[in-house]
Amino acid sequence: MSGNRNTTRASNGESSIFYSEADGLWHGFVTVGRKADGSIDRRHTRSKSEETVRKKVRGLERDRDRGGVAKAGQAPTVEQWMATYLDTIA
């Protein structure tokens with residue numbers, strides 16, 4: 001576990017990563033836009049590893065910046081899935 005546990009609050013719209021002693025996991029949240037109903041669309045990832053969460057958060061931020069994040073509740077298109085596969089998995 002890392003000793004770098006930042007307890008300050010992230011600014012609005014910024015991604016946040018934190019450790020939760022309640023479940024023993026690292027959590028990451030990324031704002032990717034707005035949902036159809038106008039509410040903020042924040043994606044959540046979690047892992048036992050801080051490094052894994054940081055990688056997932058960077059991937060979500062990169063996808064968001066490219067406009068490649070699937071809408072909440074919808075499966076990604078083949079184009080979005082292939083871009084994700086080629087950019088982050090392969």
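The basis for the numbers below is simple: all heavy atoms, side chains too, and nothing from hydrogens, waters or symmetry mates. Note that the structure is a prediction, hence the values are computed from the model and not measured. Numbering of residues begins at 1 and proceeds along the displayed sequence.
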What is the distance from atom [atom1] of [X] to atom [atom2] of [Y], rounded to the nearest 0.5 Å?
{"X": "Glu14", "Y": "Glu61", "atom1": "CD", "atom2": "CD", "value": "9.5 Å"}
{"X": "Phe29", "Y": "Ile40", "atom1": "CZ", "atom2": "CD1", "value": "13.0 Å"}
{"X": "Asp87", "Y": "Arg66", "atom1": "CG", "atom2": "CZ", "value": "4.5 Å"}
{"X": "Asp41", "Y": "Arg34", "atom1": "CG", "atom2": "CZ", "value": "10.0 Å"}
{"X": "Ile17", "Y": "Thr45", "atom1": "CD1", "atom2": "OG1", "value": "9.5 Å"}
{"X": "Arg58", "Y": "Asp63", "atom1": "CZ", "atom2": "CG", "value": "13.0 Å"}

Main chain of Val32, side chain of Arg42: is a donor-acceptor contact present, judged purely on distance under 3.5 Å?
no

Backbone N or O of Gly33 within a donor-acceptor pair of the Thr31 side chain at under 3.5 Å?
no

Should Arg46 and Asp23 count as an ion pair when the cut-off is N to O under 4.0 Å?
no

Nearest heavy-atom pair of [X] and [Y]: which atoms, and what distance?
{"X": "Ser15", "Y": "Val57", "value": "CB-CG1, 3.9 Å"}
{"X": "Lys48", "Y": "Trp26", "value": "O-CD1, 3.5 Å"}
{"X": "His27", "Y": "Val53", "value": "C-CG1, 3.8 Å"}

Does one hydrophobic cluster hold both Val30 and Tyr19, with members joined at side-chain heavy-atom distances below 4.5 Å?
yes

